[in-house]
Amino acid sequence: MPLAPKVKLNNGCEMPVLGLGTLLCHGAEAVATLKAAIDVGYRHIDTAYLYCSEKEVGQAIREKIAEGVIKREDMFVTSKLWNTFHDPKHVEEAFNRSLANLDIGYIDLYLMHSPMSYEFVAWEPEESVTKLTEIDYMDTWYAMEKLLETGKVTSIGVSNFNSEQVARIVKKCNVKPVTNQIECNPGLNQRKLIEFCKNLDVTVTAFSPLGRPNYYENDPENIPKPALDDTRVLEIGKKYNRAPAQVILRYLVDIGTIPVPKSDNLTQLRQNIGIFDFKLTDNEIEIMDGINTGKRTLPLAHCASHKYYPFSIEY
């Protein structure tokens, strides 16, 4: 299986244009899945302190290094600063905890998980919101910039930022974010935000690139239906003899994003990374654009009152 091509970031570093997401990736079974992913060609793994999957990611990478399959420098690993750690006094400690969990020497990319801050309660990751706080994400960003001086992280970026927030970061920062990781899939194709970020030389990483099939099955009234069985996707897949997920991931790469799909199925892992020997036509991209509804699978509605809630403007 050929490796994913790489994109050059605004700091000169290179990032594979497709990665593996690790939300809900826990335990020995997850380590086995991650090792299998490395075996079939994944060199970009996306994790976060909140996911509680950093230890599994690190173990899989260390074991594959020990087996001689990869070297540390072959891998690109992303983790994230959770919302409860936005106070500048907590940033370095939060980073060090992720670094220790991974135990792979350094982190390639460290993201601010969102522009919104929550009250610090404890170091254990907690997704539930206890209390919203209004720490300025610029102050958090400046603390993240200082992490680069440690030599333990190569690049920094943001996640779930809207266009105005990205523009503010770029205008006021000392170090420009290399990426903005956002929800992006055919139903929420983010074309305007992708173009906006591109003009600022900031890449876009796409989480939930296939939608959220499991979430939709459990809550079809509130979660948008994924495009995996959309007739337009199926028709394009039939032309190229490709699975629907491959068509979607190829589309997302073709419109300029770096998707990080998640799977624990070996066949799907192979399919998801096997998209670099075909390309959609301009007409097919236009057809795929037609699936967009602008609906989010992760609207973060419980945070809508936050000063820095990112989804109250168009993009």
Run the side-chain donor-acceptor check on residues 307-315: report pairs under 3.5 Å with partners two or more places apart or on a different chain.
from: Tyr309; atom 1: OH; to: Pro299; atom 2: O; distance (Å): 2.6
from: Glu314; atom 1: OE2; to: Lys192; atom 2: NZ; distance (Å): 2.5

Problem set entry | Arg191 with Glu195: basic N within carboxylate O range, under 4.0 Å | no
Problem set entry | Other residues, nucleotides, ligands: >12 heavy atoms within 6.0 Å of Glu286 CD | no
For this session: In plain terms, say whether Arg232 and Glu235 are close enough for a salt bridge, that is, a side-chain N and a carboxylate O under 4.0 Å apart.
Result: no
Seminar exercise, completed: Output for pair (Cys184 SG, Ile182 CD1), nearest 0.5 Å, gives 5.5 Å
Exercise. To the nearest 0.5 Å, how far apart are CD in Glu217 and CD1 in Ile223?
Worked result: 12.0 Å
Problem set entry | Arg250 and Asp254 ion-paired at < 4.0 Å | yes
Seminar exercise, completed: In this structure, CG of Asp139 is separated from CG of Asp87 (nearest 0.5 Å) by 9.0 Å
For this session: Please determine if Arg72 forms a cation-pi arrangement with Tyr106, meaning its NZ or CZ atom is less than 6.0 Å from the six-membered ring centre and no more than 45° off the ring axis.
Result: yes
Problem set entry | N-O pairing of Glu63 and Lys35 below 4.0 Å | yes
For this session: Determine, using ring centers only, whether Tyr118 and Phe85 are less than 6.0 Å apart.
Result: no
Problem set entry | Cationic N near anionic O, under 4.0 Å, Lys239 to Glu284 | yes
Problem set entry | Euclidean distance, Leu20 CG relative to Cys25 SG, rounded to 0.5 Å | 7.0 Å
For this session: Check the angle between the aromatic planes of Phe95 and Tyr110 and answer parallel, tilted or perpendicular using the 30° and 60° thresholds.
Result: perpendicular
Exercise. For Asp201, which residues count as a side chain to side chain contact (heavy atoms under 4.5 Å, CB included) partner, sequence neighbours excluded?
Worked result: Asn10, Lys176
Problem set entry | Minimum heavy-atom distance between Ile285 and Ile255, given as atom pair plus value | CG2-CG2, 4.0 Å
Exercise. side-chain contact (heavy atoms from CB on, under 4.5 Å) between Gln181 and Val158: does it pass, once the steps are laid out?
Worked result: CA-CA 6 Å; Gln181 183 174 133; Val158 296; over 6 Å; no
Seminar exercise, completed: dist Ile258:CD1 -> Thr205:OG1 (nearest 0.5 Å) comes out at 4.5 Å
For this session: Among Asp136, Thr84, Thr133, find the residue that satisfies the side-chain hydrogen bond (donor to acceptor under 3.5 Å, both in side chains) test when tested with Ser117.
Result: Thr133
For this session: Kindly say whether the aromatic ring centers of His86 and Tyr137 come within a distance under 6.0 Å.
Result: no
